[in-house]
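Here's the structure we're looking at; comments come further down.
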Amino acid sequence: MTPRRPTRQVSFGDARTGIVRVGGGIPARDGSPTTPAPVSVQTMTAGYTHDVGACVAEINRLVAAGADVVRVAVPEKKDTDALREIIPQVQVPIVADVHFHFRRALEAVEAGAHKIRLNPGNIQDRAEVIEVIRACKARSLPIRVGVNEGSIIERKDKQKRLVELGKVFSEHKNGYLLAIMIAKLEEYLDIFYEQDFHDIVISAKSMDAALVIDAYTEISKRFDHPLHLGVTHAGPKETGTIRSVAALGGLLINGVGDTIRISYANDPIYEVQDGLELLYSLGLRERIGVDLIACPTCGRIQVDLFTLIQDVRKHLAKTITVPMKVAVMGCIVNGPGEAEGADVAVFAGDRRGIIYVQGQRVANVPEPEILDRLLAECVAFQDRVRRGEAKLGEKKVEIVPPDPIGELGSGFEKIAHGSVERAPRPTPLTVKNS
Ligand code: SF4
């Protein structure tokens, strides 16, 4: 992992919502030091903002899932009007996403939005942009300048600049598009700098993961503002996950990115869950809840492990808030090595499971009892951690594989040679979607 790139820092929110900081590492304009804030996770509501009750409910659901910031669309005045009722009812900074009409931005500022997003592709009039900048400056609100692939800004020297940038980026797969995005940002941000406005976050999204990586990498070298990472129109979750993780993960590994939004054509709750999991996986956020390790299963499996894993995941998500590591392994052959470091682990065998808590074997139960016993051990372990009687990750699972025909009833060779009668195979494995 490359250390985070130092940036200016922006902050927004209020006493009720808490203050969210984005970026950091470069001293503030008054000379005071800043330290990089944890990478935050954003999402955007899918419903109508003017439907106040539904919008508040959606925001609260996203916050419960872990969203640090929530953005809402404000295409009409009834949407900016609704912000006056919505904002006092939620516990998270709200970003107003403005397209096409700068008055929506002014109205959102007046209504109490904590941050504004402008798209240089559709709010281009210089005087209007200046009006929004001044309104935000008066209230110390940051602005995200979100340039998306394909939107064009008119500028006198556009062609000349594009030719220059085109040469710079000619080696890139999407060099011309990259040149346009950089040119747009340069021109747009000049307006902000002329107004001595620097509370800026930049995004430069595309649905092409390679272009996203190139664009943000280039922008990170040219501007010192914090970066909001995202792949726009990433598609349904099934494919959008890979597209998003390829782009965002690649950038974060290289120290680029200060806040992220994964975007799916699906319930935005998945954007929050997957965004957090990406940051947890890279060690960029301290995990809340269980870190679940599970074997992919193979021909050694003798229990319905897929079902067990899904059930464990679903139940632990509701009950465990300490970052304990839990391993659900299909057998004793590779399980112990792969579960190394787990606080609570189960190793399945021939329709049984042995459960360990920090290296101590606590149970050997038949398959129907594995789930309940494992959950009970996880809750009991969490209670001990909270009381200070146990420490997370303190002891490793150290298990000497048992005799092949030991407690777990493994021992395929002996079974195959007919020297041991094997219990009937369980019903076929199933995969449950939750
Ligand atoms: S833990 Fe056992 S069952 Fe699971 S993949 Fe590894 S060898 Fe196969």
Side-chain angles (χ1 to χ4, degrees), residues 238 241-242 245 274 277-278 280-281 287 289-317 320 323-378 381 392-434:
E238 291 75 10
T241 307
I242 303 298
V245 168
D274 289 1
E277 190 57 44
L278 175 59
Y280 293 153
S281 301
R287 185 179 285 279
V290 165
D291 185 1
L292 184 61
I293 305 164
C295 90
T297 79
C298 70
R300 297 181 181 93
I301 200 78
Q302 293 176 283
V303 297
D304 184 354
L305 202 76
F306 286 167
T307 300
L308 178 64
I309 290 166
Q310 290 304 328
D311 288 345
V312 167
R313 185 184 67 80
K314 204 165 46 187
H315 284 89
L316 293 186
I320 302 298
M324 72 167 70
K325 204 174 261 190
V326 175
V328 180
M329 293 300 171
C331 78
I332 206 78
V333 176
N334 290 337
E338 290 163 10
E340 191 174 310
D343 296 298
V344 181
V346 60
F347 303 95
D350 194 358
R351 304 179 75 184
R352 300 191 70 78
I354 295 187
I355 296 170
Y356 285 76
V357 177
Q358 290 209 315
Q360 296 295 314
R361 194 181 71 175
V362 295
N364 178 347
V365 292
E367 183 176 5
E369 296 172 25
I370 293 176
L371 177 66
D372 286 347
R373 186 60 191 263
L374 184 69
L375 297 178
E377 294 298 339
C378 288
F381 180 69
L392 294 166
E394 191 180 44
K395 292 176 191 155
K396 294 191 171 181
V397 174
E398 286 172 6
I399 300 161
V400 179
D403 177 275
I405 291 293
E407 291 172 281
L408 281 172
S410 301
F412 286 82
E413 287 177 11
K414 293 184 183 177
I415 291 168
H417 288 107
S419 55
V420 174
E421 187 180 345
R422 184 181 165 184
R425 186 98 178 158
T427 49
L429 300 180
T430 55
V431 181
K432 278 187 195 164
N433 291 321
S434 59

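Just so you know, ligand 1 is whichever comes first in the structure, and atom 1 is the first atom listed for that ligand.
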So, is Cys298 placed with an N/O/S atom under 2.8 Å from atom 8 (Fe) of ligand 1, counting both backbone and side chain? yes
Taking [X] for the side chain and [Y] for the main chain, is one N or O donor matched with an acceptor at less than 3.5 Å?
| X | Y | value |
| --- | --- | --- |
| Glu377 | Val357 | no |
| Asp343 | Lys325 | yes |
| Arg351 | Pro366 | no |
| Arg373 | Val362 | yes |

With heavy-atom distances below 4.0 Å as the criterion, list the atoms of ligand 1 near Arg300. 7 (S)
Record the part of Thr297 in heavy-atom contact with ligand 1 below 4.0 Å; permitted values are side chain, backbone, both and neither. backbone
